[in-house]
2 protein chains.
Amino acid sequence: MNDCSPKPLDLAMLRLACQNCSLHELCLPVGIGLDDVGRLDQIIKRKRPLARADHIFRLGDEFRSVYAIRAGSVKTYTMTETGGEQIIGFYLPGEIIGLDAIHNGAHPSSARTLETTSICEIPFAQLEDLAVAIPSLGRQLVRIMSREIHSDDDLLTLLGKKSAEERLASLLMSLSLRLQQRGFSAREFHLSMSRNDIGNYLGLAVETVSRLFTRFQQIGLITVNNKHVRIEDLAALREIAGANRGAACTAARAATGASH
Amino acid sequence: MNDCSPKPLDLAMLRLACQNCSLHELCLPVGIGLDDVGRLDQIIKRKRPLARADHIFRLGDEFRSVYAIRAGSVKTYTMTETGGEQIIGFYLPGEIIGLDAIHNGAHPSSARTLETTSICEIPFAQLEDLAVAIPSLGRQLVRIMSREIHSDDDLLTLLGKKSAEERLASLLMSLSLRLQQRGFSAREFHLSMSRNDIGNYLGLAVETVSRLFTRFQQIGLITVNNKHVRIEDLAALREIAGANRGAACTAARAATGASH
DNA sequence: CGGTCCCTTGATATTCATCAATATCAGTGG
DNA sequence: CCACTGATATTGATGAATATCAAGGGACCG
């Protein structure tokens with residue numbers, strides 16, 4: 001999509017790539033000087049783009065690095081005791097995965113790409129050393145992890161309290177917002193994950209997700225075409241996601257002609 | 001319960017309390033020398049015990065400190081958009097709360113005690129400074145945050161995939177394990193939270209929780225008496241929590257005499 | 001001892017999962 | 001380019017799990 005398909009090993013480009021990366025304020029927002037970015041840059045390994053459905057790491061893998069998404073998208077998931085997968089999150093450019101593995105040296109989740117995806121591997125031992133040498137980097141790391149905890153908490157609320165409608169609306173709003181922050185359109189985008197993945201993530205059956213897309217389209221909230229989504233009424237969608245519950249359900253019912 | 005009700009301001013006791021705290025290997029497990037513990041100790045404020053239902057911080061409060069539980073227990077929760085509370089976690093001695101507030105300077109959740117509770121306040125600015133001076137402390141902080149992310153992920157699986165039975169069994173197992181790690185009995189303990197809190201946390205109605213306690217007791221898994229729980233069959237409970245789903249449900253059904 | 005909150009239990013309603021049957025799409029190879 | 005194939009998505013009919021509603025019983029606090 002926005003892939004500048006990389007020439008084989010262009011050293012000049014690779015050097016100091018963080019400085020030029022359009023995402024550097026997402027993965028390293030604040031207070032890191034140019035010199036320090038250079039030092040960070042030297043420990044980061046830019047990997048050639050991964051194909052769709054490639055694994056970045058698997059549950060149980062030894063923990064060595066965290067990874068920043070540069071382009072594309074990724075899902076992370078764990079295994080339930082019965083072998084099914086539970087998707088933990090969808091990650092977009094500028095976001096960092098693998099942070100859950102630090103504490104015990106092995107990845108407690110797997111990560112695989114949802115489309116062609118470029119990532120930066122950041123060897124954690126070196127990152128820790130650098131964090132000692134560059135205090136602001138250490139603070140930034142802690143801040144990023146804090147944000148991850150916080151966003152997990154939001155997801156808990158979604159799964160614990162929200163209806164199916166609210167869940168899907170929340171996901172769409174989240175994607176919309178995050179894509180916008182990355183310079184894409186907030187109103188029109190491509191869903192890189194399957195309906196199955198969406199259902200899994202939201203704790204819903206595929207069929208429910210499918211029906212919701214249909215219903216949302218019928219009441220004029222969105223236009224869906226396979227993986228392409230256009231949000232027609234952002235405010236209303238936000239309203240549903242934010243869960244003015246009674247009102248939203250009523251609206252949807254009336255429009256579908258459902259009656260009880 | 002296990003409260004050594006503290007004399008008013010015993011300076012000798014307070015000084016270097018971390019070294020003597022039976023929890024110090026829980027909140028600061030590894031690689032911190034005695035000198036360093038002393039330095040950490042100096043920035044920590046030990047607060048007088050809080051009464052049941054006291055707030056430690058509230059959603060929106062400015063972020064200044066994280067808090068370690070010394071004795072008692074705490075729940076943290078956020079507000080859903082409709083004003084209801086969603087409980088994020090129950091915290092036991094040696095665990096740390098407030099980590100979700102680091103990234104934007106304000107608490108995104110509230111915390112209140114479930115019973116008489118003692119906490120240590122750790123001013124975060126000073127902790128960060130100390131983390132720079134003592135690299136192993138910084139690493140430890142990152143590790144603790146990683147564990148928090150990981151345990152949130154487990155909860156996501158619980159809410160996304162598990163049945164009501166599995167959820168309650170999982171909670172009981174989690175409490176059992178954590179209490180055991182703190183030197184208490186794994187098989188017999190006191191639930192400091194209300195049925196309401198349990199239901200809220202697990203994404204279930206109070207009534208469902210109540211019925212589950214009854215059913216678990218009927219099939220000989222546990223004995224419940226108000227807030228007192230004794231686990232009679234730890235292995236079976238673990239089995240249900242781990243979700244050998246079909247088998248567990250069948251067992252419970254047969255025993256309750258339910259038939260379809 | 002009375003009030004209030006919390007918990008339990010039963011009856012009913014609702015949401016969403018499951019099952020089943022197409023329909024559509026993305027590759028693949030002829 | 002088209003037909004074939006498996007994966008993915010939609011749609012409908014049914015059922016199960018759990019929420020909700022309603023009422024009564026205990027426990028705890030003053």
Side-chain angles (χ1 to χ4, degrees), chain A residues 51-53 82 84 114-116 158-168 190-218 222-229 240 243 245-246 248-250 252-253 256-260, chain B residues 51-53 82 84 114-116 158-169 190-200 202-218 222-229 240 243 245-246 248-250 252-253 256-260:
Chain A
R52 183 183 125 72
T82 49
L114 292 166
E115 60 192 310
T116 304
L158 183 148
L159 290 172
K161 291 276 175 301
K162 293 189 177 183
S163 72
E165 267 185 1
E166 291 160 0
R167 292 181 198 193
L168 184 59
H190 176 84
L191 294 171
S192 57
M193 67 294 290
S194 71
R195 299 287 193 270
N196 232 310
D197 286 342
I198 293 175
N200 186 302
Y201 176 68
L202 296 176
L204 299 171
V206 201
E207 295 94 326
T208 304
V209 173
S210 189
R211 282 186 248 272
L212 285 172
F213 272 119
T214 307
R215 198 184 321 167
F216 279 4
Q217 173 148 302
Q218 281 171 350
I222 61 176
T223 306
V224 208
N225 216 317
N226 296 319
K227 310 232 161 189
H228 185 88
V229 175
I240 293 181
R245 190 154 171 177
C249 290
T250 310
R253 289 262 175 62
T256 7
S259 60
H260 305 259
Chain B
R52 183 182 126 72
T82 49
L114 292 165
E115 60 191 310
T116 304
L158 184 149
L159 290 173
K161 292 273 175 301
K162 292 190 176 180
S163 71
E165 270 185 2
E166 291 160 1
R167 292 182 198 193
L168 184 59
H190 176 84
L191 294 171
S192 58
M193 66 294 290
S194 70
R195 300 289 194 269
N196 231 310
D197 285 343
I198 294 175
N200 186 305
L202 296 177
L204 299 170
V206 200
E207 294 93 330
T208 303
V209 173
S210 188
R211 281 185 250 271
L212 285 172
F213 272 119
T214 306
R215 202 190 312 171
F216 280 4
Q217 173 149 297
Q218 282 171 350
I222 61 176
T223 306
V224 208
N225 217 319
N226 298 319
K227 309 233 163 189
H228 186 87
V229 175
I240 294 181
R245 192 155 172 176
C249 289
T250 309
R253 289 263 174 61
T256 6
S259 60
H260 309 257

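Note that the structure is predicted; figures quoted are calculated from it, not measured.
- Counting distance only, with no hydrogens placed and no angle test, the side-chain atoms of A:Glu207 and the base atoms of C:dC19 include a donor-acceptor pair under 3.5 Å.
- Residue A:Ala164 is classed as a sugar-phosphate contact, given heavy-atom separations below 4.0 Å to backbone atoms only.
- Neither OP1 nor OP2 of D:dT10 sits under 4.0 Å from any side-chain N or O of A:Arg211.
- Each of D:dT11, C:dT8, D:dT20 was ranked by its minimum atom distance to the side chain of A:Ser210; first place goes to D:dT11.
- The interatomic distance linking B:His228 (NE2) with C:dC7 (P) rounds to 16 Å, in whole Å.
- Side-chain contact check for B:Leu191 versus B:Phe213: some heavy-atom pair is nearer than 4.5 Å.
- Spacing between atom CD of B:Glu165 and atom C1' of D:dT18 amounts to 12 Å, rounded to whole angstrom units.
- Contact annotation: B:Ser194 does not reach the phosphate of C:dC5 (side-chain N/O to OP1 or OP2, under 4.0 Å).
- Scanning all heavy atoms of the two residues, the minimum distance from A:Val209 to A:Gly199 falls at CG2-CA, 3.5 Å.
- Within the nucleic acid shown, B:Gly203 comes within 4.0 Å of sugar-phosphate atoms alone, with no base atom in reach, counting heavy atoms only.
- Distance CG/B:Leu204 to NZ/B:Lys162: 12.5 Å, rounded to 0.5 Å.
- Counting to the nearest Å, the P atom of C:dT8 and the CZ atom of B:Arg195 are 4 Å from each other.
- With hydrogens and angles disregarded, a donor-acceptor distance shorter than 3.5 Å links the side chain of B:Arg167 to the backbone of B:Leu159.
- Here the side chain of B:Ala205 is nearest to one of D:dA19, D:dT18, D:dT10, namely D:dA19.
- Side chain of A:Glu115 to backbone of A:Ser192: no donor-acceptor contact under 3.5 angstrom is found.
- Straight-line distance from the CG atom of B:Leu114 to the C1' atom of C:dC6: 15 Å, rounded to whole Å.
- Looking at B:Lys161, its side chain never comes within 3.5 Å of a backbone N or O of A:Gly84 through a donor-acceptor pair.
- Helical stems in DNA chain D, defined as runs of 3 or more consecutive Watson-Crick or G-U wobble pairs with donor-acceptor distances under 3.5 Å: C:1-5 with D:26-30, C:8-30 with D:1-23.
- Computed from coordinates, the B:Ile198 CD1 to C:dC7 P distance equals 8 Å when rounded to whole Å.
- A:Thr208 has no side-chain polar atom (N or O) that falls below the 4.0 Å cut-off from OP1 or OP2 of C:dT15.
- A:Arg52 places its CZ atom 10 Å from the C1' atom of D:dA7, with the value rounded to the nearest Å.
- The distance from atom CD of B:Gln218 to atom C1' of C:dT9 is 11 Å, rounded to the nearest whole Å.
- The shortest side-chain heavy-atom distance between B:Glu166 and B:Leu158 does not fall under the 4.5 Å cut-off.
- Place A:Val206 and A:Asn226 on DNA chain C by their nearest nucleotides, and A:Val206 ends up nearer the 5' end.
- Side-chain atoms of A:Arg211 never come within 3.5 Å of backbone atoms of A:Val206 as a donor-acceptor pair (strictly under, hydrogens ignored).
- Atoms NZ (A:Lys162) and P (D:dA19) sit 18 Å apart, rounded to a whole Å.
- The side chain of B:Lys227 places no N or O atom within less than 4.0 Å of a non-bridging phosphate oxygen (OP1 or OP2) of C:dC6.
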